Amino acid sequence: MRSLSTLALVGLLVTPAVAQEFDNQWKTFFASPSSLSAPIISSPNLETDMDWADLDKDGWIDLVIVRKQPFTSAGKRTNMLLMNENGVLTDRTSEFASASDLGGDQGFLTATNDRDVVIADLDGDTWLDVATATTISDGDPKALGHPRIYMNLGEDGNGDWLGLEHQDARIPQLIQYASGLPQNPRFCSVDAGDIDGDGDIDLYFGDYDSSGAGGSGQPPNLDMNDRLLVNDGFGFFTDESQARMTDQMLLSAFSAAVSIADMNGDGFLDVVKQTALQAPQYVCISYNNLNGLAGHGNFNSFDNNGVGSGAPYHIDTGDLNNDGKLDIITSDDGQDRYRLQIGLDALGRAEFAGGSGGTPYQFLSGNDDGFASNNRIVDLNGDGWADTIHADIDVDIPGGQRRMHIYHNTAPEVGAQPGDAVVLREERQQPGNGGWIGAKGLLEADLKNTHDFATFDINNDGAMDILISRVDTTEVYLGSAPVCQTDLGFGDGNVELAICGDDLSFDGSTAVMSITGGAPNSAVLLPVGLVNNPTPVAGGTLVPVPTLFILTVLVTDANGNIELGVTGGGSPAALLYVQAIVLDGGFDFSNALEVQAGHN
């Protein structure tokens, strides 16, 4: 992609790249206390982890929050279900998440030591269920000390949602392999995916048996290590870890994050995890049926070379540079990093740029402030390029006055093409203290001491919102909805022109101009006028006038499309008229746009 200033639309300035500067208002959030109707969610005595999805199929995304005593501890807490009621996240735990098939158990209202949660359809009925990863619960009954499954009961005959029910038999009694005795695990992470290709969802749990807190390490003869639980197709699970994976793949010291993802693009889901604190300490990938030599669901290659080292405490996978390959981000005790996949090695495994060190994030001012935890790859501003977020509260030990970091993917602004190296940068309003950090509308105090965060469209306006669960409070910030410039119509063919993103009236605003439906590999003219003449044109011959400028050197790709980053702001204020003309031996005119640019 190339970058285009709105002022360039009138021939005054073309900006193929955006210099590093303060007050780049690439994303704007607004505090919205009215979007949250719930009692205390997080506190100095409540650590949180979250997942979200539309549980009741009403078109609004709901939120599940699992909680425990903070850090490496045995302290149990109750969980929460926040249903999204027309844009308000409302506590409905008692009504819809307190059922269980065990006498005396109250579902989410039974205190458990849950450290992670994932939402997935476990029994194939199209209703999303919930699985938790439960940690230090030595000596407790299986129902409290093992992962817990909450099945979605669907609707009754009147179309009313029936909520979630804890069903204990879904998870088998786990055995400590060396002793052959039943034992509660110490899981720190969970992810869901169909690892054996049979159409149902399996679960992988990451284990930990060491701690920097002291006094809570697990003796080797009690170590459970990671577990792979395979679904029978009806939502009942069997431990098939040793049958499908090697001991090296399952070995973890402190696995705070796992991701089930197809890392090498061969159609088989692999397992990515981090393990830290003590040996083994790295990010690694266990490959599923590499080169078709093991059978679907059997893992036959392990790789921790160049995937990520240091002191990694969380990972996520996703495509950061739009090349169709999955990349990895890592939270670290030192400097957090991202690793772009650059292809496959001779064995068919993913290779990453920068070796085990990866690429550090950029800062306009300040730096990475140390320990970090939950992270996520997510497109925050809807420009088609994924950004990243890293929370700061260590999941193991207390201490520090750190904050969450939000990193903006600058690709659209610097003209990056899919597959290029990208820069992820923490934007801020000004150097030193004061002003917004990460994204407009977020102050340093809003990001301090963050356990976890949820990123989804809370109010269904098309913009990404964020709920931040901090030590002191939990708050909702609504994102401003993307602005699409006014479509005037008039096109005479299949070519469509759009500019959508930020309000281009403000400095630092960004949007994406897209031209679709043109002939492949064809030149494109972009006439821009200060008056509504001669654009828009519905066919015919274009007649230049003094107020018209034509930007050339645009060429459609093999699919007949173009994307350009557009930067807003500047002076004077302008109302522009823009149209695209594809030259394919003739003239194919797009619709015209009325574009607001410059200061208000």
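Remember, predicted model here, so these are calculated numbers, not experimental data.
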Closest approach of [X] and [Y], non-hydrogen atoms and distance?
X	Y	result
Leu593	Asp487	CD2-CA, 3.8 Å
Ser480	Lys27	O-NZ, 4.1 Å
Met464	Asp379	CE-O, 3.8 Å
Ile195	Leu228	CD1-CD2, 4.0 Å
Arg337	Pro360	NH1-CD, 3.5 Å
Ile315	Val258	CD1-C, 4.3 Å

Any donor-acceptor pair under 3.5 Å linking the side chain of [X] with the backbone of [Y]?
X	Y	result
Asp316	Ile377	yes
Asp327	Tyr338	no
Asn409	Leu320	yes
Asn460	Gly59	yes
Asn225	Asp247	no
Ser590	Ala580	yes
Asn264	Ala350	no
Asp452	Ser469	no

All side chain to side chain donor-acceptor pair (under 3.5 Å) counterparts of [X], not counting sequence neighbours:
X	result
Thr275	none
Trp436	Asp23
Arg115	Glu47, Tyr208

Given side-chain contact (heavy atoms from CB on, under 4.5 Å), test Ile149 with Leu122 step by step and report yes or no. CA-CA 9 Å; Ile149 300 292; Leu122 300 179; 3.8 Å; yes
Is it the case that [X] and [Y] place a side-chain donor and acceptor less than 3.5 Å from each other?
X	Y	value
Ser241	Asp239	yes
His296	Asn289	no
Asn375	Ser331	yes
Ser286	Lys273	no
Tyr204	Asp226	yes

Where does the angle between the aromatic ring planes of His408 and Trp26 fall among parallel (under 30°), tilted (30 to 60°) and perpendicular (over 60°)? parallel
Kindly confirm or rule out a cation-pi arrangement of Arg376 over Phe453, judged by NZ or CZ under 6.0 Å from the six-membered ring centre and within 45° of its axis? yes
Check against side-chain contact (heavy atoms from CB on, under 4.5 Å), Arg349 and Asn305: CA-CA 11 Å; Arg349 306 177 304 185; Asn305 181 26; 5.9 Å; no
Would you say CG of Asn494 has more than 12 non-hydrogen atoms from neighbouring residues, nucleotides or ligands within 6.0 angstrom? no
Looking at Glu240, I want to see if its CD is surrounded by more than 12 non-hydrogen atoms of other residues, nucleotides or ligands under 6.0 Å. yes
Aromatic contact between Phe254 and Tyr313, with the criterion being ring centroids under 6.0 Å apart: yes or no? yes
